[in-house]
Amino acid sequence: MILDLLFPNRCIHCNKIIDPELLVCGLCFNQIHFTHYDYFENNPIKEKCNLFFPVENTFALIQFEEEGLSRKIIHDLKYRSREKVGKILAGWTTERLDFKNEKPDLLASVPLHPRKLKERGYNQLHLFTETLSAFYNIPFDHGLIKRNHYSKAQALKDKKHRLESSNTFSVTQAVTGKHILLIDDVFTTGNTVSSIAWEILNAGNNRVSVMVMAVDV
């Protein structure tokens with residue numbers, strides 16, 4: 001309570017004091033560009049993924065804009081130690097996504113390399129994934145995918161290096177006959193999810209869908 005008085009929670013966009021459980025104020029919330037993608041229908045992510053691997057369904061919560069509020073949201077989550085942003089984004093997702101009677105069997109988040117995890121202190125996708133798991137009653141496995149190589153942040157790479165991800169990921173356990181929803185933060189080239197998807201597909205008779213917090217295509 002005292003800390004809330006001394007260091008009140010503020011909107012990450014306009015700096016207005018807001019409820020401790022919120023991320024942005026009401027006015028700034030209206031500036032967030034939600035995608036309104038239908039998980040079961042064609043959308044830009046599905047079109048892009050289908051160029052690289054057979055994908056079942058795809059969903060993105062918000063549009064990623066270099067100079068927009070969405071960039072601040074993702075960067076606060078990844079680089080400013082605000083892990084709780086993941087829970088807020090998951091809440092926004094559950095308000096917009098209904099799996100109907102076709103829920104995936106398992107949620108799997110894109111992993112960080114152990115060195116990167118130690119540096120950051122948390123994986124920005126874990127709380128997001130766990131919140132979705134509890135809401136939809138779908139199991140998750142943070143250890144299904146392993147990142148084999150340490151690399152600098154995607155945001156700091158040029159386009160050429162973003163495309164270089166040979167043998168970056170591997171599946172850590174036997175998995176077959178499963179529909180796996182792969183979760184990442186930002187979809188740009190599709191290279192990361194493609195690399196992981198092929199590992200999952202090649203591991204057995206599996207199917208892959210993709211969910212991201214933000215899309216930049």
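Just so you know, residue 1 is the first one in the sequence shown, and it goes up from there.
His149 places a side-chain N or O within donor-acceptor distance of the main-chain N or O of Asn167, the cut-off being under 3.5 Å. Side chain of Lys103 to backbone of Tyr136: a donor-acceptor contact under 3.5 angstrom is found. Judged by distance alone, the side chain of Asn9 and the main-chain N or O of Leu23 form no donor-acceptor pair under 3.5 Å. In this structure a side-chain-to-backbone donor-acceptor pair under 3.5 Å is missing from Asp184 to Val110. Looking at Thr176, its side chain never comes within 3.5 Å of a backbone N or O of Gly204 through a donor-acceptor pair. Using a distance-only test at 3.5 Å, with no hydrogens or angles considered, no donor-acceptor pair links the side chain of Ser133 to the main chain of Thr129. A donor-acceptor pair is defined here as one N or O able to donate and one able to accept, closer than 3.5 Å; such a pair exists between the side chain of Thr172 and the backbone of Leu144. Here the side chain of Thr131 pairs no donor or acceptor atom with the backbone of Ala90 at under 3.5 angstrom. Between the Asp185 side chain and the Met213 main chain, no donor and acceptor come within less than 3.5 Å of each other.
Looking only at side-chain heavy atoms (C-beta outward), Ile145 and Val171 come within less than 4.5 Å of each other. Residues Val210 and Phe53 form a side-chain contact, since some pair of their non-hydrogen atoms from C-beta on lies under 4.5 Å apart. In this structure the side chain of Val212 never reaches within 4.5 angstrom of the side chain of Ile183, judged on heavy atoms. Here the side chains of Ile73 and Ile12 are in contact, with some heavy-atom distance below 4.5 Å. Residues His33 and Ile62 form no side-chain contact, since every pair of their non-hydrogen atoms from C-beta on lies 4.5 Å or further apart. Residues Leu107 and Leu182 fail the side-chain proximity criterion, which asks for heavy atoms closer than 4.5 Å. Residues Val175 and Ile180 form a side-chain contact, since some pair of their non-hydrogen atoms from C-beta on lies under 4.5 Å apart. In this structure, Phe187 and Cys49 have side chains that are in contact, with non-hydrogen atoms separated by less than 4.5 Å.
No hydrogens or angles considered: a donor-acceptor pair under 3.5 Å links the side chains of Gln173 and Asp141. Checking His179 against Glu56 by side-chain atom types alone, no donor-acceptor pair falls below 3.5 Å. With hydrogens and angles left out, the side-chain atoms of Thr168 and Asn148 include no donor and acceptor closer than 3.5 Å.
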Candidate pair Asp38 and Asn43, rule side-chain contact (heavy atoms from CB on, under 4.5 Å), full reasoning: CA-CA 7 Å; Asp38 188 320; Asn43 58 57; over 6 Å; no
From CA spacing to verdict: side-chain contact (heavy atoms from CB on, under 4.5 Å), Lys178, Arg207: CA-CA 6 Å; Lys178 299 293 185 181; Arg207 296 181 294 144; over 6 Å; no
CA sep, side-chain torsions, deciding dist, call: Ile18, Val24, side-chain contact (heavy atoms from CB on, under 4.5 Å): CA-CA 7 Å; Ile18 55 176; Val24 294; 5.5 Å; no
Check against side-chain contact (heavy atoms from CB on, under 4.5 Å), Gln63 and Phe34: CA-CA 6 Å; Gln63 297 283 352; Phe34 292 95; over 6 Å; no
Intermediate values then yes/no, salt bridge (Lys or Arg N to Asp or Glu O under 4.0 Å), Asp76 and Arg82: CA-CA 6 Å; Asp76 261 37; Arg82 296 194 66 180; 3.1 Å; yes
Verdict with reasoning, Glu119 to Arg115, per salt bridge (Lys or Arg N to Asp or Glu O under 4.0 Å): CA-CA 6 Å; Glu119 290 173 354; Arg115 178 179 164 187; 3.4 Å; yes
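Note: Phe99 and Phe59 fail the aromatic proximity criterion, with ring centroids not under 6.0 Å apart. Trp198 and Phe52 have their aromatic ring centers separated by at least 6.0 angstrom. Not less than 6.0 angstrom separates the ring centroid of Trp92 from the ring centroid of Phe128.
Taking a 6.0 Å sphere around CG of Leu117, one finds it holds more than 12 heavy atoms contributed by other residues, nucleotides or ligands. More than 12 non-hydrogen atoms from other residues, nucleotides or ligands lie less than 6.0 angstrom from CG of Asp19.
Listed by chain and residue number, Ser109, Glu130 satisfy the side-chain hydrogen bond (donor to acceptor under 3.5 Å, both in side chains) test with His142 (two or more places apart in sequence, or in another chain). Here Arg10 pairs with nothing under the salt bridge (Lys or Arg N to Asp or Glu O under 4.0 Å) rule; sequence neighbours left out. Remark: Lys48 pairs with no residue by the side-chain hydrogen bond (donor to acceptor under 3.5 Å, both in side chains) rule, at least two apart or across chains.
Here the closest heavy-atom approach between residue Phe40 and residue Lys46 is recorded as O-NZ, 4.3 Å. Of all non-hydrogen atoms in Lys16 and Cys25, the two that sit nearest each other are CD-CB, 4.2 Å. Asp105 approaches Gly177 most closely through the heavy-atom pair OD2-O, 4.2 Å. Closest approach of Cys14 and Cys11 over heavy atoms only: N-SG, 3.5 Å. Smallest separation of non-hydrogen atoms from Gly190 and Val193: O-CG2, 3.4 Å. Taking both residues in full, the closest heavy atoms of Pro104 and Ile138 are given as O-CG2, 3.5 Å, listed atom of the first, atom of the second, then distance.
In this structure, CE in Met211 is found 10.5 Å from OG1 in Thr58, a value given to the nearest 0.5 Å. For the atom pair Arg96 CZ and Tyr37 OH, the distance stands at 14.5 Å (nearest 0.5 Å). To the nearest 0.5 Å, the span separating CD on Gln31 from OG on Ser70 amounts to 11.0 Å. For the atom pair NZ (Lys87) and CD (Glu21), the distance works out to 7.0 Å, reported to the nearest 0.5 Å. Rounding to the nearest 0.5 angstrom, the gap separating the CD1 atom in Ile32 from the CG atom in Leu69 is 5.0 Å. From Glu199, atom CD reaches atom CG of Asn206 across 12.0 Å, with rounding to the nearest 0.5 Å.
Follow the hydrophobic side-chain contacts under 4.5 Å out from Ile74 and you reach Val215 in the same cluster. By the criterion of side-chain heavy atoms lying less than 4.5 angstrom apart, applied directly or through intervening Ile, Leu, Val, Met, Phe, Trp or Tyr residues, Leu97 is grouped together with Leu61 in one hydrophobic cluster. A continuous path of Ile, Leu, Val, Met, Phe, Trp and Tyr side chains, each step under 4.5 Å between heavy atoms, connects Leu89 with Phe29, placing both in one hydrophobic cluster.
Both tests do not hold together for Arg71 against Phe64: distance to the six-membered ring centre under 6.0 Å, angle to the ring axis within 45°.
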